Amino acid sequence: MNKIKLFSGEQIPMEMHKVKIVQKIQLAPTSKRLEALREAGFNTFLLKNRDVFLDMLTDSGVNAMSDAQQAAMMLADDSYAGSQTFGRLEQKCQEIFGKRHFLPAHQGRACENLLAKVLVRPGSVVITNYHFTTTKAHIVLNGGTVVEAFIPEALQTTSSHPFKGNMDLEKLEAAIAEYGAHRIAFVRMEAGANLIGGQPFSLANLAAVRNICRRHGLVLVLDASLLADNLHFIKEREAECRGMSVREITRGIADLVDVIYFSARKLGCSRGGGICTDRADLFGALRELLPLYEGFLTYGGMSVREMEAIAVGLEETMDEDMISQCPQFTAFMVEELARRGVPVVTPPGGLGCHINAREFLDHVPQEQYPAGALAAALYLISGIRGMERGTMSEARDAEGNEVFADLELLRLAVPRRVYTLSQLTYAVDRITWLYAHRRLVGGLKFVEEPKTLRFFLGRLAPLSDWPERLAEAFERDYAQL
Ligand SMILES: *Cc1c(COP(=O)(O)O)cnc(C)c1O
């Protein structure tokens with residue numbers, strides 16, 4: 001139970017937890033936000049948190065911990081080698097995923113670094129349902145290329161397809177035929193495909209992918225960072241799985257893949273990460289690199305307190321009430337915005353609400369980063385910090401040309417158990433105002449552009465005085481209320 005019927009017939013999402021610890025936040029005035037935005041080079045990654053009202057940048061490392069997680073942190077067994085804490089985390093991973101081996105790593109991209117170093121060679125190909133920024137960077141860094149085999153609906157921002165994260169089986173077969181199985185480092189399925197709006201795959205699709213991989217002797221890797229949301233959607237949208245428990249669905253998924261890795265900044269509401277596998281050969285190769293890049297085998301760059309919190313967080317993820325919170329709050333935002341005519345990605349996915357910036361700012365060309373401009377504009381008029389997920393998040397090609405993203409999205413993450421319905425209602429109101437005044441928003445250009453993952457540290461400038469004019473219009477409208 002996580003949706004409540006009101007007497008009016010309306011349904012609202014319901015928090016199945018109560019708040020025990022709070023953090024005070026403040027809403028800086030518009031003039032201060034304009035100043036903060038300038039200082040941040042119009043990049044929301046570079047804003048100071050004290051200038052942010054609702055931090056919807058990401059769900060990474062900012063999900064609220066439970067009382068049980070905090071309590072477990074006090075039991076942490078601090079030792080370099082052979083810590084009991086590691087034993088508890090290893091056992092929990094073995095129990096939930098049913099894989100014999102577990103390797104700790106300090107976060108999701110650290111797992112990707114290890115996997116790419118072991119599996120990717122110059123000329124290798126990785127086939128995936130959709131790429132992720134850090135995953136692709138590590139594969140490319142090791143000389144490989146990423147081939148995407150997404151279904152057509154993946155890029156349709158408005159759709160009713162329940163599993164837009166599914167892999168296109170014909171494209172997978174075609175890519176195997178084109179490159180030859182010997183060149184394919186691994187096939188990667190990302191749960192809750194991040195860059196297309198936290199869109200899930202179905203258990204049936206994963207099973208079909210597994211059969212193809214098995215036929216060609218290919219390693220199947222699951223990026224389980226956003227697994228919690230994907231579990232919720234399988235339970236809710238896949239008829240064959242309705243009678244299964246969350247734990248059974250998790251095992252159903254795990255049994256189909258050779259390697260599972262995850263960012264525990266997301267899965268398990270803590271910080272850290274890990275790799276699970278039954279494959280002794282892969283485990284052996286990965287284990288050799290672990291002390292070099294992460295730390296000893298029993299901590300992998302994590303603090304023992306965080307490891308205790310992950311073990312409890314993974315167990316809590318096996319609870320329907322827990323995993324439905326983020327998707328249902330996301331759905332609330334998406335439905336309220338769609339009702340007001342704002343272009344949002346549908347059906348609602350996990351992770352957060354995704355606004356289609358290409359349509360929202362259809363007068364801003366892609367080379368002027370509409371999603372980045374929208375992120376800056378929304379912060380300016382609301383203090384809400386979102387994240388650009390569009391062309392800024394792509395890298396230029398070898399000749400220095402822009403590679404336009406398939407989608408230009410502004411992501412407003414809904415970190416798990418953090419925000420309330422009134423805060424989301426505020427977000428809906430300010431986004432609706434911005435949509436009515438969208439013509440006031442202009443484009444951005446880079447003034448400092450790093451070569452890799454430029455969206456993190458790049459600095460930009462507006463192409464006109466649009467931020468000043470937008471701030472004035474906002475002040476004028478809201479002063480009248
Ligand atoms: C966040 C994320 C990662 C990287 O995890 P970090 O802990 O941030 O390094 C990898 N894959 C997906 C799908 C993610 O969402």
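When a ligand or atom number is given, it counts from 1 through the structure's own listing order. Please read these numbers as outputs of a predicted model, since none were measured by experiment.
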Residue pair Glu402 / Thr391, side-chain donor-acceptor N/O under 3.5 Å: no
Over 60° means perpendicular and under 30° means parallel, so tell me whether Tyr369 and Phe446 are parallel, tilted or perpendicular. perpendicular
Proximal atoms of ligand 1 relative to [X] (non-hydrogen, under 4.0 Å):
| X | result |
| --- | --- |
| Ser263 | 5 (O), 6 (P), 7 (O) |
| Asn194 | 14 (C), 15 (O) |
| Glu112 | 10 (C), 11 (N) |

Where is the nearest protein heavy atom to [atom]: which residue, which atom, and how far?
| atom | result |
| --- | --- |
| atom 15 (O) of ligand 1 | Lys266 NZ, 2.8 Å |
| atom 3 (C) of ligand 1 | Phe132 CE2, 3.4 Å |
| atom 6 (P) of ligand 1 | Gln107 NE2, 3.3 Å |

Mind checking whether Tyr130 and Phe150 have ring centres under 6.0 Å apart? yes
For this output row, return yes or no: ring centroids of Phe102 and Phe97 closer than 6.0 angstrom. no
Intermediate values then yes/no, side-chain hydrogen bond (donor to acceptor under 3.5 Å, both in side chains), Ser66 and Glu316: CA-CA 9 Å; Ser66 67; Glu316 288 177 356; 2.5 Å; yes
Closest heavy-atom approach to atom 8 (O) of ligand 1 among His138, Arg188, Arg109, Arg265 is made by Arg109
Compare Asp223, Leu195, Thr134 and give the one whose heavy atom is closest to atom 12 (C) of ligand 1. Asp223
Would you say Gly108 has any N or O atom under 3.5 Å from an N or O of ligand 1, going by distance alone? yes
Between Phe132 and Arg109, is there a cation-pi geometry (under 6.0 Å to ring centre, at most 45° from the normal)? no
Salt-bridge test for Glu173 and Lys171: reply yes if a basic N is under 4.0 Å from a carboxylate O, no otherwise. no
Just to check, does Arg271 reach to within less than 4.0 Å of ligand 1 when the distance is taken from its heavy atoms? no
